[in-house]
Amino acid sequence: MVAAAQQAAPTISSLELFNITKRFPGVVANNRVSFEVRAGEVHALLGENGAGKSTLMKIIYGLYQPDDGQILLNGQPVTISSPQDAIARGIGMIHQHFMLVPSLTVAENVALGLKSSRGMRLDLDVVAAKVERLAASYGLRVDPRAEVSRLSVGEQQRVEIIKALYRGADLLVLDEPTAVLTPQEADDLFRMLRQMREEGRALIFISHKLREVLALCDRVTVLRDGRQVGTFPTAGMSRGELARLMVGREIAAPHAEDRAPVPVGPPLLQVRGLSSSAGAGGPALREVSFELSPGEILGLAGVSGNGQRELADVIAGLRPSSAGEISLGGAPLVGGPGERMAAGLSYIPEERMRDGAIMDFSVEENLILRDHTRPPYARGPFLDTARVSTVCRELITRFAVKTPGPQTPIKSLSGGNIQKVIMARELAREPRVLIAAQPTRGVDIGATAYIHRLLLDMRARGGAVLLISEDLDEILALADRIAVIHDGEIAAIMPRAEADPERIGLLMAGASTESLSH
Amino acid sequence: MTRTPASPNRGTIRRTGAVVVDALLPLGAVVAALLVGALVLLLLGKNPALAYGAMFRGAFGSLSGITQTLAKATPLLLVGLGVIIAFRAQVINIGGEGQLVVGALAATACSLALRELPGWLLLPITALAGALAGGLWGLVPGLLKARLDVNEILSTVMMNAIAVQLMNYLLRGPMLDPAQVAAGTNIPQSAALPEAAWIVRLVPRTLFHAGFILALVLAVVVALLLWRTTLGYRIRAVGLSPSAARYAGIPVATITATSMVLSGCLCGLAGAVEVMGVHHRVVEGISGGYGFSGIVVALFGGLHPIGAIPAAVLFGGLLVGADQMQRTVQVPAALITALNGLVVLMVVSSTYATQRRAARRQSEAARPTAREAEGGPLDPQLTPDL
């Protein structure tokens with residue numbers, strides 16, 4: 001490999017974007033955005049989904065060319081023509097979805113795309129040694145010979161960062177890096193990022209998590225609707241202020257009075273000893289047991305891919321179980337998704353674009369997706385199109401779905417509004433139990449608040465909600481009890497009052513309950 | 001993300017314009033195919049204008065031409081409708097040819113066996129027999145796909161081969177016309193249908209029969225089926241997203257098989273109608289390639305039952321006009337087959353172009369908030385994440 005001067009003094013002292021404008025047909029993604037990141041600084045780029053963060057980063061990484069404006073690297077105007085060009089200039093990017101080849105080792109992944117120092121022969125041993133040195137300098141343990149598919153998500157992210165550093169990145173762009181991490185892993189990442197800042201690297205941290213922005217970053221540039229709201233030092237900023245800047249209006253967070261205790265009756269949903277075989281991309285469920293009472297929200301916390309999806313699918317009847325039983329209101333819950341729905345179970349699936357809605361169907365057709373054979377939508381074998389239209393218009397109004405009309409293709413709606421359509425459909429049939437899997441992932445703040453309200457309303461009416469989320473803050477804000485899932489097993493279930501983020505984080509990472517109770 | 005300051009009026013005009021372009025694209029595909037054909041004609045030393053003139057006159061220039069065109073459009077439309085139903089469930093039925101053949105055979109056998117029945121009873125029974133046989137021929141690949149995930153393109157093609165061999169056997173043995181045996185000529189064809197089972201000709205002394213009206217009615221029925229019934233809803237849901245359909249509690253495998261059966265029924269009916277309206281018996285080559293051309297009709301019609309009507313007439317006209325062209329400028333009729341192929345190629349590419357245009361319009365119109373959050377690799381080829 002052409003040894004990148006990874007330990008030499010950083011060569012990027014500043015990157016400046018000046019009045020960057022990027023238009024796409026019909027939309028201005030970035031409207032005269034200026035911002036600057038300096039060596040030895042962590043600069044946050046904050047904004048809602050669709051604010052223009054990704055476009056700006058793609059411009060920095062050479063994937064897009066700005067229509068207008070200038071990029072200055074160390075004060076010199078430059079054109080970053082491609083990601084290769086960006087890398088050559090010392091700019092590295094850590095994508096939200098890792099760009100690693102799972103079947104290759106760490107060293108092979110790092111070496112991929114680089115020239116070998118031995119010409120035609122591989123120099124993996126040289127690479128491996130350098131990777132080890134690099135990792136050690138950040139106090140990390142990384143085995144260069146380990147296959148990437150065997151690494152945890154947090155470890156894979158480290159490999160991505162090391163890969164970028166190996167290529168001599170002095171400026172790192174991190175796109176929502178904590179989305180896939182446990183709180184502890186996030187802390188480790190922050191430690192590493194702080195060290196990189198000390199070494200004089202420049203870091204751009206993209207996030208919509210206000211807490212992290214305040215904890216890690218020196219300055220923050222807020223984007224809204226493609227425009228720059230401003231750049232502010234984080235010192236002295238509060239979360240509330242940041243949220244206002246980001247959204248442009250006040251956001252009502254769930255208040256304590258929304259969470260007034262609801263008289264809890266006997267359990268509505270009982271899951272006992274539920275096991276399943278391993279699913280695609282997830283572990284097997286092992287002896288999962290829990291109860292869910294009316295008027296209760298049970299939050300299921302866990303790092304992505306620890307069986308949440310499998311559990312939800314098994315309960316909803318989309319995946320077979322190998323052992324155990326489920327009952328709803330005392331009666332065994334069996335059969336396919338249709339039967340279980342009829343028994344009073346509604347389900348908001350995690351993959352809303354793939355499972356929860358049909359993108360090529362209209363809003364109306366999606367509203368009847370799971371109820372199209374029942375009145376009022378059907379009359380015998382026929383769809384009662386007049387009634388469908390009336391009822392759907394009502395639902396659109398009642399659930400505040402922003403759509404030009406019921407016939408609009410759902411794919412032209414925003415993520416938040418698509419989710420509102422799904423919520424409307426699943427709540428309209430007045431279920432007794434609702435499984436909500438990642439209900440607010442990728443949803444803007446306004447819609448998130450609305451969805452939270454719907455979940456709390458359901459609870460207030462005496463419904464039972466299983467809230468599956470990777471966002472611990474969301475679970476802490478809404479749940480009455482919190483269950484932690486790790487590797488297909490329920491690690492612990494605790495009342496909200498006894499839950500603290502650190503303990504949950506450790507459980508999410510696989511620490512046993514015994515080891516935590518010292 | 002800020003909208004560019006465009007007046008809504010301009011946007012509407014642009015969108016309407018885009019829709020018009022989309023509608024004209026298939027026609028453009030035909031023109032493009034004809035242009036390539038003209039090149040070939042020039043290379044053959046023929047005058048393309050003369051040839052195409054003859055083709056057009058042959059197909060649409062006279063009463064006899066028009067009636068022939070509509071006669072050929074009938075089976076094309078029926079097969080096209082069948083293909084559309086399957087296509088909507090994301091099942092590609094290449095088996096129209098075989099389903100049509102068994103439909104023709106079953107209709108003939110049935111009407112010969114029940115020749116004593118009065119016409120008002122014999123007609124529907126004969127047609128039904130053809131539809132059922134075609135449905136059965138579709139059931140096999142339908143079940144294979146639904147239960148064992150066997151590729152339906154392969155299985156329907158195989159079913160075609162079986163159907164043709166079955167016909168060869170039946171027309172030389174059990175179903176061979178007794179008159180042929182008596183005369184000792186042994187031309188492989190069945191006995192003639194009892195006249196009670198003949199479909200009335202709409203224009204005397206032409207091949208244009210009332211089956212065309214049946215096909216038109218069925219086009220409307222299929223449209224209603226797809227958009228006004230729960231079954232049609234299920235078929236479309238399964239076709240667009242099997243995983244969402246499963247989540248919705250729709251029995252995906254059953255719907256897949258059902259769509260293939262319905263598709264086969266319409267193709268089988270095409271065979272029955274061809275026998276009852278045109279030949280009045282099964283002759284070798286009764287399918288006339290309709291089973292394949294019907295796929296083109298379906299695609300050309302935008303996979304919409306109503307769109308298939310003009311498509312069927314157009315392709316019927318191409319077939320009829322080809323004969324005329326052959327007679328007038330002495331080009332091989334095979335050129336028409338090649339032209340058909342070219343049209344398919346162009347239509348499929350134009351469909352693709354339409355989809356891309358639609359996707360682009362979509363990404364322009366969409367507030368892409370959802371996309372960024374869903375992540376996805378930073379690929380410049382993808383629609384812009386804003």
Side-chain angles (χ1 to χ4, degrees), chain A residues 23-29 31 48-55 58 61 63-64 93 95-97 99 225-227 316 318 336-339 341 347 349 351 353-361 365 368-370 372-373 378 381-383 385 409 411-416 418 441-444, chain B residues 1-6 10-11 14-15 88 90 224-234 236-252 355 358-386:
Chain A
R23 293 181 202 91
F24 293 108
V27 206
V28 182
N31 195 347
E48 285 201 79
N49 300 311
K53 294 172 296 186
S54 280
T55 305
K58 286 177 192 179
Y61 200 52
L63 284 165
Y64 291 158
M93 176 124 187
H95 300 278
Q96 204 174 351
H97 296 256
M99 306 280 157
D225 287 344
R227 289 171 196 273
L318 285 161
E339 283 93 335
M341 194 172 63
Y347 177 29
E351 298 274 349
M353 309 288 203
R354 202 194 65 189
D355 302 331
I358 295 181
M359 288 299 115
D360 286 316
F361 266 5
E365 285 171 315
I368 69 170
L369 181 63
R370 298 183 86 198
H372 62 275
T373 53
F382 297 101
L383 286 176
T385 44
K411 63 183 166 196
S412 65
L413 267 53
S414 71
I418 292 176
R441 181 154 75 188
V443 166
D444 60 275
Chain B
M1 179 195 72
T2 329
R3 308 245 154 214
T4 34
R10 221 181 79 196
R14 244 186 70 200
R15 225 163 306 132
R88 288 279 172 178
Q90 206 65 270
L224 290 176
L225 169 82
L226 284 173
W227 282 281
R228 288 292 147 85
T229 68
T230 53
L231 177 63
Y233 179 90
R234 293 182 154 210
R236 290 185 297 124
V238 166
L240 290 173
S241 173
S243 66
R246 223 165 78 75
Y247 157 74
I250 296 171
V252 175
Q355 277 166 2
R360 210 169 53 230
R361 277 205 303 280
Q362 205 69 57
S363 70
E364 287 168 20
R367 297 223 293 276
T369 41
R371 311 258 164 73
E372 182 188 60
E374 298 305 317
L378 291 181
D379 184 338
Q381 301 299 313
L382 294 176
T383 47
D385 286 351
L386 306 178

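By convention in this document, chain letters (A, B, ...) are assigned in the order of the sequence lines, proteins followed by strands, and residues within each chain are numbered from 1. No experiment lies behind these values; they were computed from the predicted model shown.
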Contacting region of A:Glu365 [heavy-atom separation from chain B under 4.5 Å]: both
Contact origin within A:Ala357 toward chain B - heavy atom pairs under 4.5 Å: backbone
B:Ser243 side, atom OG; A:Leu318 side, atom CG - distance, nearest 0.5 Å: 9.5 Å
Set of residues satisfying side-chain contact (heavy atoms from CB on, under 4.5 Å) with respect to B:Pro251, sequence neighbours excluded: B:Arg234, B:Thr254
Part of A:Thr373 within contact of chain B (heavy atom distance under 4.5 Å): both
Distance, nearest 0.5 Å, that separates OH of B:Tyr247 from CZ of A:Arg354: 12.5 Å
Ring centres under 6.0 angstrom apart (B:Tyr233, A:Phe382): no
Note, A:Leu383 side chain near B:Thr230 side chain (heavy atom, < 4.5 Å): yes
For A:Pro337 against B:Gly249, the heavy-atom pair lying closest together: CG-CA, 4.0 Å
Atom pair NE2 (A:His372) and CD1 (B:Ile250), whose distance is rounded to the nearest 0.5 Å: 4.0 Å
Pairs of heavy atoms under 4.5 Å with chain B: top-ranked of A:Asp360, A:Leu369, A:Ile358: A:Leu369
Listed partners of B:Leu226 passing side-chain contact (heavy atoms from CB on, under 4.5 Å), at least two apart: B:Ile84, B:Arg88, B:Val222, B:Ile235, B:Arg236, B:Pro305
